[in-house]
Amino acid sequence: MRSKSIGDKIFDIINVMIMLIVVIVTLYPFLNALAISLNDAGDTVRGGITIYPRVFTLRNYELIFQNPLVYNAYFITIARTVIGTVLSLLLTAMLAYGLAHRNLKGRNFYTILCLITMFFNGGLMPTYFLIRSLGLMNNFWVYIIPSLISVWNMMLMRTYFQGIPEALEESARIDGANYFTVFFRIILPISTPIVATIALFIAVGQWNSWFDAFIYVTKQELKPMQSVLLSIISEARFAESIAQSAAGAGVTLGDVGRTAQVNVRSITMATMVVTIIPIVIVYPFLQRYFIKGIMIGSLKG
């Protein structure tokens, strides 16, 4: 084995330096947010926080979890993510499987109908009146039913299914298997990459969703985590503004003053960390399927 030339060594060094820069640029915003969330609010005001907290404290997180609505909001968010992901994935995959069949009469017509919905919709007000007429206002199922089918996800899965050899299904049909058996026992098990990819898409969308709760839900016990955390940030901003006004007037506000010890930036970073940690934990387990699934689903056919 010949030794590397000087040019090869220089090339390797440059590659390593470029990759280190990319890693630093990618990770810095997250490390900075974590550092600020774990830093004392009074010290954060001075600025200069980089990737580690100067004055470590858990006060920012204490303020978040002191809110009794947070725990119920976590339950609502987890429930909508799990139920919404399973049902949406199942129905989207079934639709994609049907449209992937070449012997389906009117397949192109049905596909065009689905595509139209990607480019045109009735707008916010008609959607609101539709949701209200269906009795989904202040109902947990308003988080699930309107998003059961995603045409974009369906097209990805349809393209992937079209790349599966027809001989697999034909042999199963000869052995007496019906379409449901073929779908659940053959198609889905060999479609793990695209299924995991779409599941990640749906789960992240459900976990981060807040607009549907803002429009269709007024009951606090049905608010998801994103909405509750947003209200916590608003409360922190309000408390900080009152404390600053009182400090300017030389007035002591007791509990309000102590609450304002967590400034808006600190509480914002803490809520961001609380929000993204579950997704960050799950993503590594799906990453190897994610890249393969999205590439095959978008290029085949």
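Quick caveat: nothing in here was measured; it's all calculated off a predicted structure.
Within 6.0 Å of OH on Y110 lie no more than 12 heavy atoms contributed by other residues, nucleotides or ligands. When the shell of 6.0 Å around CG of L124 is examined, it contains more than 12 heavy atoms from other residues, nucleotides or ligands. Few gaps surround CZ on F184; more than 12 heavy atoms of other groups in view lie less than 6.0 Å from it.
Between Q226 and T275 there is a side-chain heavy-atom pair separated by less than 4.5 Å. Between M157 and T92, the closest side-chain pair of non-hydrogen atoms falls below 4.5 Å. In this structure, S88 and I144 have side chains that are not in contact, with every pair of non-hydrogen atoms separated by 4.5 Å or more. A 4.5 Å side-chain heavy-atom check between L89 and V195 finds at least one atom pair inside the cut-off. Side-chain atoms of F30 and I276, non-hydrogen and from C-beta on, do get closer than 4.5 Å to each other. No side-chain heavy atom of Y216 sits less than 4.5 Å from a side-chain heavy atom of N139. Proximity of N121 to T127: side-chain heavy atoms (C-beta onward) are nowhere separated by under 4.5 Å. Here the side chains of S231 and K223 are not in contact, with every heavy-atom distance at 4.5 Å or above.
Of the possible polar contacts, one joining the N32 side chain to the I49 backbone as a donor-acceptor pair under 3.5 Å is found.
The residues R46 and D43 are annotated as salt-bridged, a charged nitrogen and a carboxylate oxygen being separated by less than 4.0 angstrom.
Cluster membership check: I174 does not share its hydrophobic cluster with F180, using side-chain heavy-atom separations under 4.5 Å among Ile, Leu, Val, Met, Phe, Trp and Tyr. Cluster membership for V55 and L58, using ILVMFWY side-chain heavy atoms within less than 4.5 angstrom, is not shared. Criterion: ILVMFWY side-chain heavy atoms under 4.5 Å apart, direct or through other members. Under it, V86 and F75 are not part of a common hydrophobic cluster. I76 and L230 fall into different hydrophobic clusters, where Ile, Leu, Val, Met, Phe, Trp and Tyr residues are linked whenever their side-chain heavy atoms come under 4.5 Å apart, directly or through other members. Clustering ILVMFWY residues whenever any of their side-chain heavy atoms sit less than 4.5 angstrom apart, transitively, puts L91 in the very cluster that holds I145.
Applying the salt bridge (charged side-chain N to carboxylate O under 4.0 Å, His left out) rule to pairs touching residues 124-151 yields nothing, sequence neighbours excluded. Applying the salt bridge (charged side-chain N to carboxylate O under 4.0 Å, His left out) test to residues at least two apart or on different chains, none of the pairs has a partner in residues 135-148. Among pairs with a residue in residues 194-219, those fulfilling salt bridge (charged side-chain N to carboxylate O under 4.0 Å, His left out) read R80-D212, at least two apart in sequence or across chains. Listed by first and then second residue, the salt bridge (charged side-chain N to carboxylate O under 4.0 Å, His left out) pairs involving residues 167-193 amount to none (not counting sequence neighbours).
Taking the six-membered ring where the residue is Trp, Y71 and F65 present tilted rings, their angle falling between 30° and 60°. Using bins of under 30°, 30° to 60° and over 60° for the plane-to-plane angle, the ring pair F183/Y97 lands in the tilted bin.
Atom OG1 of residue T111 and atom CD1 of residue I116 lie 11.0 Å apart, to the nearest 0.5 angstrom. For the atom pair CD1 of I198 and OG of S150, the computed distance is 7.5 Å after rounding to the nearest 0.5 Å. Annotation: the span from Y61 atom OH to T271 atom OG1 amounts to 9.0 Å, rounded to 0.5 Å. Distance OG1/T77 to OH/Y74: 8.5 Å, rounded to 0.5 Å. Residue T117 holds its OG1 atom at 12.5 Å from CD1 of I112, rounded to the nearest 0.5 Å. Atom CE of residue M154 and atom CG of residue L95 lie 4.5 Å apart, to the nearest 0.5 angstrom.
The minimum heavy-atom distance linking A213 with S227 is given by the pair CB-OG, 3.6 Å. Heavy-atom minimum distance, T218 versus N138: N-OD1, 2.6 Å. For the pair G84 and I202, the tightest heavy-atom approach, listed with the atom from each and the gap, is O-CG2, 4.0 Å. Of all heavy-atom pairs between I78 and W207, the closest is CG1-CZ3, 3.9 Å. Across all their heavy atoms, L38 and P53 have their closest contact at O-CB, 3.7 Å. Closest non-hydrogen pair, P224 versus S209, comes out as CG-O, 4.2 Å.
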Using side-chain hydrogen bond (donor to acceptor under 3.5 Å, both in side chains), reason through N60 and S37 one step at a time and then give a plain yes or no.
CA-CA 6 Å; N60 303 315; S37 70; 5.9 Å; no

Inset, instruction - Would you sort out whether L34 and Y52 count as a side chain to side chain contact (heavy atoms under 4.5 Å, CB included), showing the intermediate values? - result: CA-CA 8 Å; L34 181 62; Y52 61 91; over 6 Å; no

Hey, mind stepping through Y143 and I83 against side chain to side chain contact (heavy atoms under 4.5 Å, CB included) and telling me if it holds? CA-CA 10 Å; Y143 300 139; I83 297 174; over 6 Å; no

Report task. Could you walk me through whether L156 and T197 pass side chain to side chain contact (heavy atoms under 4.5 Å, CB included), step by step? Result -> CA-CA 10 Å; L156 289 177; T197 300; 5.7 Å; no

Q) Given L168 and I190, is the side chain to side chain contact (heavy atoms under 4.5 Å, CB included) satisfied, shown in steps? A) CA-CA 11 Å; L168 288 175; I190 65 177; 3.8 Å; yes

Indicate every side-chain donor-acceptor pair of residues 14-28 with a distance under 3.5 Å to a residue at least two apart or in another chain.
{"residue": "T26", "atom": "OG1", "partner": "V22", "partner atom": "O", "Å": "2.7"}

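With ring centers used as reference points, Y179 lies under 6.0 Å from H101.
A donor-acceptor contact closer than 3.5 angstrom links the side chains of T181 and N178. With no hydrogens or angles considered, no side-chain donor-acceptor pair links T57 and D40 at under 3.5 Å.
Here F11 sits alone; no ILVMFWY side chain lies under 4.5 Å from its own, so it joins no hydrophobic cluster.
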